[in-house]
Amino acid sequence: MVHNFNAGPSILPKEVFEQAAQAVLNYNNTGLSILEIGHRTPTFQEVMDEARFLVKELMNLDEDHEVLFLHGGASTQFMQVPMNLLDEKDTAAFTDTGVWSTKAIKEARLFGKVEVVCSSKESNFTYIPKDFAVPNDAKYVHITTNNTIYGTQWQTIPRTSNTLVADMSSDIFSRTLDFNSFGLIYAGAQKNMGPAGVNLVVVDKRILGKVKRAIPTIMDYRNHIKEGSMLNTPPVFAIYVSMLTLRWLKAQGGVAAIEKINREKAAALYAAIDENPLFTGTTVKEDRSMMNACFVMNDPALEEPFLRFTKERGIVGIKGHRLVGGFRASLYNALPLGSVQVLTEAMKEFALQHA
Ligand SMILES: *Cc1c(COP(=O)(O)O)cnc(C)c1O
């Protein structure tokens with residue numbers, strides 16, 4: 001048995017893989033693969049419609065919020081968001097909470113002015129800044145709700161009268177939020193929703209159409225909305241698998257139900273870190289991520305032996321990102337509580353051997 005703690009691409013439900021594998025061979029007894037049918041056929045249209053509807057339902061979206069499945073990863077949105085929302089003379093406010101925020105800031109600067117309103121860079125991004133002010137005239141405020149590499153997460157979403165834009169790549173569908181309070185949400189699929197190659201974009205259509213620049217057709221959200229997220233050939237397989245994951249999530253009871261389990265998983269792992277004399281968490285406790293738990297060993301010489309020890313128990317994907325070191329265990333929706341228990345047991349056992 002493998003316990004998959006990979007940060008991304010990452011674990012998806014086993015039944016999703018089984019259904020996806022079957023759909024590659026013979027989709028719904030059509031004698032055709034899902035990969036060899038036209039995207040404008042009624043067969044695929046149903047997949048797209050269901051995927052978009054499930055997002056609306058699971059996120060409880062109102063009529064103003066449109067759901068799009070677009071090509072590219074979250075990194076494409078670093079560019080596409082400012083292209084659609086920020087004129088050259090405008091200012092966007094950014095919170096700098098990690099590598100992904102920093103990259104989003106760099107791209108936004110190509111389109112307008114950027115004011116970085118807070119940063120935890122000086123501490124290697126071990127916390128979420130709390131006190132900062134956003135200029136009234138900022139076109140939007142950008143946050144990265146979960147910092148995949150450093151293991152911090154905004155526990156409460158900052159209140160602002162400005163349009164709120166969020167990169168939710170690594171915590172989308174993991175907890176309930178008032179999603180309608182966001183102007184735009186984007187997420188690469190490969191952390192918590194599906195395979196790499198597709199972005200989920202949820203956008204309040206009222207914020208679009210305000211910039212003066214000419215936007216290339218394929219980059220303009222309004223064109224995708226008009227065409228029902230089928231402006232050109234969409235990434236059909238990634239959308240199909242995402243739809244299966246969303247169906248699975250609904251069957252689990254939806255976002256609130258999975259959040260409860262996610263909280264249990266995170267609580268169990270952080271407790272195991274805190275009570276173990278060999279390990280230390282790398283972030284401040286109040287900002288700890290429910291999705292990516294980062295920790296180091298007090299004696300770095302024990303890190304390699306611990307990695308081998310866990311590998312023997314089927315645990316994979318816990319080596320930390322090079323910018324943090326140590327370990328990172330990702331606890332996405334599809335990871336069962338049982339896998340977390342295998343890891344926490346391994347930590348205890350290893351500590352007994354090295355006491
Ligand atoms: C993984 C990740 C990205 C980058 O996604 P790509 O699909 O590789 O472009 C951006 N933001 C966050 C928060 C991520 O976790």
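When a ligand or atom number is given, it counts from 1 through the structure's own listing order. As a basis for the values below, the full set of heavy atoms in this structure was taken, side chains included, without hydrogen atoms, waters or symmetry mates. Everything quoted here is computed from the prediction, not taken from an experiment.
- For the side-chain hydrogen bond (donor to acceptor under 3.5 Å, both in side chains) with T152, the qualifying choice from T144, N292, N147, T97 is N147, the only one to do so.
- In this structure, F279 has its ring center closer than 6.0 angstrom to the ring center of F306.
- Just one of V203, D90, L208 meets the side chain to side chain contact (heavy atoms under 4.5 Å, CB included) condition when paired with L85; it is L208.
- Checking N192, N146, T145 one by one against D171, the side-chain hydrogen bond (donor to acceptor under 3.5 Å, both in side chains) holds for a single residue, T145.
- Both tests do not hold together for R40 against F44: distance to the six-membered ring centre under 6.0 Å, angle to the ring axis within 45°.
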Please tabulate, one line per pair, the protein N or O atoms found under 3.5 Å from any N or O atom of ligand 1, giving the distance to one decimal.
from     : atom 1 : to   : atom 2 : distance (Å)
ligand 1 : 7 (O)  : A74  : N      : 3.2
ligand 1 : 7 (O)  : Q190 : NE2    : 2.8
ligand 1 : 9 (O)  : A74  : N      : 3.2
ligand 1 : 9 (O)  : S75  : N      : 2.9
ligand 1 : 9 (O)  : S75  : OG     : 2.5
ligand 1 : 11 (N) : D167 : OD2    : 2.7
ligand 1 : 15 (O) : T148 : OG1    : 2.5
ligand 1 : 15 (O) : K191 : NZ     : 2.6

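- F94 has its ring centre less than 6.0 Å from the ring centre of H142.
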